[in-house]
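Start at 1 and go down the list; that is how both ligands and their atoms are numbered.
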Amino acid sequence: LRSSIGLKVVMAVTGLGLWAYLIAHMLGNLQIFASDPGVFNGYAEFLKSSAPLLWTERVLVFGAMGVHAFVAIKLTRENAAARPNDYFERKVESSTLMSRTMIVSGLLVLAFFAYHILHFTAHAVGGALFEMERVVGGSGSHLRPNAYLMVHSAFKTPWIVALYVVGQIMLFGHLLHGSRSLFQSIGAFRIFRSPVYGPIAAVIVIGVFAGFISIPLVIYFAWPSVGGSP
Ligand code: HEM
């Protein structure tokens with residue numbers, strides 16, 4: 001872990017874990033387009049139905065982000081400190097530029113993420129309708145958050161749509177560049193040296209981007225208003 005290769009492997013493993021989370025989150029969120037709001041609300045309720053599972057997921061996702069960011073900053077500092085003045089300079093310069101771009105897009109993704117959690121999870125900032133809905137079924141009825149209304153009402157406000165669109169563009173750039181560094185780092189292992197990985201990674205990144213960005217854009221431009229605006 002003290003070596004720069006060890007740190008790069010930590011970056012790759014936490015990065016891949018975050019990819020897995022993003023793919024699952026994006027696919028789950030696409031249920032917002034189901035014609036029955038109960039589909040998305042049932043999914044949101046299910047995600048929160050087990051406190052141990054919910055907190056395991058939170059610790060893993062937040063922990064992976066923290067470690068990923070911390071190691072990234074450490075590696076960038078080490079790279080900058082080790083920059084030699086000989087004929088390798090140009091190569092090192094370009095890799096420093098790449099890691100600087102990654103730090104900036106990574107910090108912007110982190111800022112988006114902080115806003116997103118305050119918005120949809122903590123409800124600490126406005127800009128969405130937060131209501132409960134009563135579900136009747138089986139032996140009685142119970143209340144659950146109307147997550148469908150929350151998301152639809154949020155994406156009828158232009159500045160929130162703009163914020164989410166910018167957040168997704170930052171994430172897209174970060175993931176696309178990140179996949180390049182990922183295959184550079186794990187290229188140390190022979191089985192990852194095949195040229196097919198780059199294009200596969202690019203297709204996944206484009207899919208994640210298209211899936212996420214479609215949500216605010218389709219709701220804003222093409223979906224009928226649900227329950228008024230916040
Ligand atoms: C258009 C894009 C996105 C939409 C519509 C969206 C939607 C949502 C919604 C509705 C929730 C709240 C679930 C609930 O409390 O019932 C949520 C939570 C969350 N989102 Fe997103 N999300 C988007 C993008 C992202 C991105 C890019 C990330 C990561 C960088 C992310 C990470 C999370 C996390 C970690 C949670 C918290 C889960 C928990 O409660 O622990 N989301 N998202």
Heavy-atom check, side chain of Tyr148 versus side chain of Tyr43, under 4.5 Å: no
Could you give the N/O to N/O pairs under 3.5 Å linking ligand 1 and the protein, each with its distance?
from: ligand 1; atom 1: 15 (O); to: Lys48; atom 2: NZ; distance (Å): 2.7
from: ligand 1; atom 1: 20 (N); to: His25; atom 2: NE2; distance (Å): 2.9
from: ligand 1; atom 1: 20 (N); to: His116; atom 2: NE2; distance (Å): 2.8
from: ligand 1; atom 1: 22 (N); to: His25; atom 2: NE2; distance (Å): 2.9
from: ligand 1; atom 1: 22 (N); to: Asn29; atom 2: ND2; distance (Å): 3.4
from: ligand 1; atom 1: 22 (N); to: His116; atom 2: NE2; distance (Å): 2.8
from: ligand 1; atom 1: 40 (O); to: Arg58; atom 2: NE; distance (Å): 3.4
from: ligand 1; atom 1: 40 (O); to: Arg58; atom 2: NH2; distance (Å): 2.8
from: ligand 1; atom 1: 41 (O); to: Glu57; atom 2: OE2; distance (Å): 3.4
from: ligand 1; atom 1: 41 (O); to: Arg58; atom 2: NE; distance (Å): 2.6
from: ligand 1; atom 1: 42 (N); to: His25; atom 2: NE2; distance (Å): 2.9
from: ligand 1; atom 1: 42 (N); to: His116; atom 2: NE2; distance (Å): 2.9
from: ligand 1; atom 1: 43 (N); to: His25; atom 2: NE2; distance (Å): 2.9
from: ligand 1; atom 1: 43 (N); to: His116; atom 2: NE2; distance (Å): 2.7

Note, Pro145 side chain near Phe130 side chain (heavy atom, < 4.5 Å): no
Side-chain donor-acceptor distances from residues 207-218 under 3.5 Å, at least two apart:
from: Ser214; atom 1: OG; to: Ala210; atom 2: O; distance (Å): 3.4
from: Ser214; atom 1: OG; to: Gly211; atom 2: O; distance (Å): 2.7

Close side-chain approach of His119 and Ile160, heavy atoms under 4.5 Å: yes
Partner set under side-chain contact (heavy atoms from CB on, under 4.5 Å) for Glu133, not counting sequence neighbours: Asn41, Val135, Arg144, Asn146
Show which side-chain atoms of residues 22-29 pair as donor or acceptor with protein atoms under 3.5 Å away, not counting sequence neighbours.
from: His25; atom 1: NE2; to: Asn29; atom 2: ND2; distance (Å): 3.4
from: Asn29; atom 1: ND2; to: His25; atom 2: O; distance (Å): 3.3

